[in-house]
Undergrad: 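Below is one structure. I have some questions about it.
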Number of protein chains: 2
Amino acid sequence: MNIGEIARRSGVARSTVSYALSGKRPVSEETRRRIQEVVDELDYRPNAAARALKEGRTRTLGLVIPPAGARLTAMQLDFVASVAEAAARVDLDVLLSPSGGDSDRSFERLISGRRVDGVILMEIRLADPRVTRLEQAGMPFVTIGRTGEPDRTWWVDLDYASLVSRCVHHLADLGHTDIALINRSAELVAAGYGPGSRAHEGFTEAVERRGLAGSEFCCGDDAPSGESCVAGILTEHPAITALVTINEAALPGVQRALERAGREVPATFSVVGVAARQWAEDFRPQLTAADVPSLEMGAIAVELLTERIADPEAVARHRLFAPPISLRGSAGPAAR
Amino acid sequence: MNIGEIARRSGVARSTVSYALSGKRPVSEETRRRIQEVVDELDYRPNAAARALKEGRTRTLGLVIPPAGARLTAMQLDFVASVAEAAARVDLDVLLSPSGGDSDRSFERLISGRRVDGVILMEIRLADPRVTRLEQAGMPFVTIGRTGEPDRTWWVDLDYASLVSRCVHHLADLGHTDIALINRSAELVAAGYGPGSRAHEGFTEAVERRGLAGSEFCCGDDAPSGESCVAGILTEHPAITALVTINEAALPGVQRALERAGREVPATFSVVGVAARQWAEDFRPQLTAADVPSLEMGAIAVELLTERIADPEAVARHRLFAPPISLRGSAGPAAR
DNA sequence: TTGTAAGCGTTATCAC
DNA sequence: GTGATAACGCTTACAA
C-alpha cells in the first residue's frame, strides 16, 4: 500500500493525499473526507523509509545501552522503559544499540548511516569515547549522567554528591559518628564513572564537615557482593553503626548480611541511600532513601534531545536531579 | 556525505562505489582500493533510509515490550538485552515499541509504516490481539511465549508445565506430601497468560499422579506480594512443607516470609522453582531451580525471525525449552 | 571492468 | 483548491 494507490482510489493527485494527511496546505473538506475514508479502509501509513529519505530525518532516537555482558541494573532498565515510553508519547521510535565503546558496528550505523535523529547515552564515563565520536559526527545527543566537561554538553543526571552528603548529614544528626559508604564496583570507580567519584566527593566532604569517621567500600552490582561487603564491614570495622549506599543492586545482600550478623535495623544499625523506589520499598524495614526519579529523568532526556534536534545551535541545557530523602524505617538514632 | 560524493572523489560512477562496497559484482582491485580509501577517510556508510527504500527491507527488527506501567521483570529485561545483542551480531537493528494492545500508535507505525522487517513479541496471551494484527498485516513475527494456537505460529517458549511438574516430582521424591504453587498474578492468570495456565496444568497433573495435596496461589510480581502470599500460606496452611514457584520477582519476599516465620530452608521448609540464574543464586540458600536460559531464548528468537523473514512461506518453527533443574541448596527431605 | 539510468514512496515546489 | 514533477540516496538491470 502506498500513497499512489490512495491517490488513485480517491481520484486525486498523490500530492493532495500528502497534504490532506499533513495539513500543510488547505484541502477542501469534501476531498479530505474522501481521502480519509480510503486511508482508513486500507489502514494506510506513509512508508517510514521514503519519508525519512525525503525529509532528511528519521523520527527515531537511538538509545545506547550497555552490552549484555554487563547486566543492566533495575535503574538502567527503568531508564530504557521510560525513554521508550516518553518517545512513544511524541510519536518517536527508539532504536536500541548495545554498545560499549565507540567503534561498535551498531553504534557506527546509528551515526554514519543516519539511522536516527539523535542519541541518548547511558552509563557515561567522565571521559567517554562515545561522546567524542558523537560530537565529531555532529549527531545531537543527550547523556543520562554527565562527563567531566558538563558545561558544553546536554544531560540529565542525579546529584550524587549532594544526595550522599545529605545522607551523611542525616546520619550525623541521628548521632552516628562512624559510618561507611557502599560505592559501586572498583572497576567502575577506577574507570572514572561519574556516580562513583561524585558519591566519593560528597561523602568525604560531609564526613569531614561533621567530623565523623568515614570509610568507603567498593562493591559489585549484585546481592552476593553486597552481602560479603557488609559482612566484612561488620566484622572488621565493628565501630561502624550506619552505612549509606548508592549501590541498589547490592541491597538484598546488604540486608542479608545484617540479618546474619544479628543486627537490628534501625535499632542497632542504620542504612540510608540512593535507590529506585521499588528497591527502597523491598528493603526491610523500608529504606530511608533518595528515590531516583528514573521515569522523569528518561522523559526529560527525551525532551532535551528533541529540543536539541529542533535547534542544533541551541546552547547546552541540562537538568540535575536531587530528589528529597524519603524517610522510611531504616535509619534511627545511634545506639550508645 | 553520500555515495555520489564518494564516487566523485574516487573518480568512478556511483554504481561502482555501490558494487565495490557490496561485492555484488567484481571490481578491479585498483579501483576497489581507491574507493575504500575515500570511504575510510570520510567514514562513509550508506544512508539507511535510502537503502531501505530501494531494497524494500529495513534491516531492523521490532521488539514489542510491555508498557512502563507494567514493570518489566528481570527475565523480560534479559530478553530485551539478549534480543538486542543477538540482532547486533548479525547487523540488524532493534526498534523498541512499548505497546500493550493492538491499536497502539507505535505498534501501528511498525506495521503499516513498514519500519521493520519483522517483530518479536513478549508477554503473550493465549489469545493475543497483537498476534492477530500481525498476521492480518502479513508481518513476520516470532513470539517469546506461545498463544493458544501454537502450531500455526513461530515462537520460543519455556515448557512451564513440564518444569513445574518436575519440581513437584522432585519434592514428592523428597517425601513432601503437602505442597504449594506460587503462580503469577491473578490478573495475568485470568487474562489467559500462558505460563500461568501451563504452570497450573503441570502442577495439578503431577500432584494428582503422585497423590499429593496441592494448593495453588496467585501472587503479584514483586517482593511484598511474595512476602504476604507466603506468610498467608504458613499461617493458614501449616501442613504445607514445600513450595514451587514460577514467580521470580516474588522470591525476595518469599525468603523474608520464611525467615520471619522462623522456617529453616531446607531443614523445615523446601523451595524449588523456575527462575533466572541470577535470582536463584540470590536466594539463601541458593535456589534449586530450572534456570531460564533467557540469553539463548532471545538469540533463538532472532534466529527464527530472520529465517522467517528470508522465507515467508516457510512452515512454522518453534523451540520449547525445558532446562534441567539445577540442584542447589533450597530443597531437602520433608521433616517428619 | 565500468558507466548510465530507472525507480523505490515520499514531500515540496511550481504551475494552473 | 488541486495536479504534475523533481528530488531525497541508494541499488541494480542494462549497455558499453
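A note on names: the letters A, B, ... follow the listed sequences, proteins ahead of strands, and every chain is numbered from 1.
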Undergrad: How would you give the extent of chain B contacts on DNA chain C, as first and last nucleotide 5' to 3' within a 4.0 Å heavy-atom cut-off?
TA: dT1(C) to dG9(C)
Undergrad: Taking atom types as modelled and ignoring hydrogens, do the side chains of Arg115(B) and Ser97(B) form a donor-acceptor contact shorter than 3.5 angstrom?
TA: no
Undergrad: From Ile124(A) CD1 over to Thr143(A) OG1, what is the distance, rounded to the nearest 0.5 angstrom?
TA: 5.0 Å
Undergrad: Which whole-number value in Å describes the distance from Arg33(A) CZ to dT2(D) C1'?
TA: 17 Å
Undergrad: For Asn47(B), what residues pass the side chain to side chain contact (heavy atoms under 4.5 Å, CB included) criterion, not counting sequence neighbours?
TA: Arg114(A), Ala49(B), Ala50(B)
Undergrad: Using the test salt bridge (charged side-chain N to carboxylate O under 4.0 Å, His left out), find all partners of Glu41(A) that sit at least two apart in sequence or belong to another chain.
TA: none
Undergrad: What pairs of donor and acceptor atoms, side-chain ones from residues 13-21 of chain B against any protein atom, are under 3.5 angstrom apart with sequence neighbours left out?
TA:
none

Undergrad: Take nucleotides 9-16 of chain D nucleotide by nucleotide from the 5' end and write B, S or -, depending on whether a protein heavy atom sits under 4.0 Å from the base, only from the sugar-phosphate, or from neither.
TA: BBBBBB--
Undergrad: In degrees, rounded to 10°, what is the bend between the two ends of the helix from dT1(C)-dA16(D) to dC16(C)-dG1(D), using five pairs at each?
TA: 40°
Undergrad: Holding to side chain to side chain contact (heavy atoms under 4.5 Å, CB included), I want the full list of residues that pass it with Arg133(B), two or more places apart in sequence or in another chain.
TA: Asp43(A), Asp102(B), Phe107(B), Glu108(B), Ile111(B), Ser112(B), Gln136(B), Ala137(B)
Undergrad: Could you tell me which residues satisfy side chain to side chain contact (heavy atoms under 4.5 Å, CB included) with Asp40(B), sequence neighbours excluded, listed by chain and number?
TA: Gln36(B)
Undergrad: Salt bridge between Asp91(A) and Arg109(B), side-chain N to carboxylate O under 4.0 Å?
TA: yes
Undergrad: Which parts of residues 104-117 of chain B get close to DNA chain D, meaning a heavy atom less than 4.0 angstrom away?
TA: none
Undergrad: With sequence neighbours excluded, tell me which residues meet side chain to side chain contact (heavy atoms under 4.5 Å, CB included) with Ala191(A).
TA: Arg125(A)
Undergrad: Charged N to carboxylate O below 4.0 Å: is that the case for Asp117(B) and Arg59(B)?
TA: no
Undergrad: Kindly list each side-chain donor-acceptor pair under 3.5 angstrom involving residues 294-305 of chain A, sequence neighbours excluded, with atom names and distances?
TA:
none

Undergrad: Please list all pairs meeting salt bridge (Lys or Arg N to Asp or Glu O under 4.0 Å) that have one or both residues in residues 17-27 of chain B, counting only residues at least two apart or in different chains.
TA: none
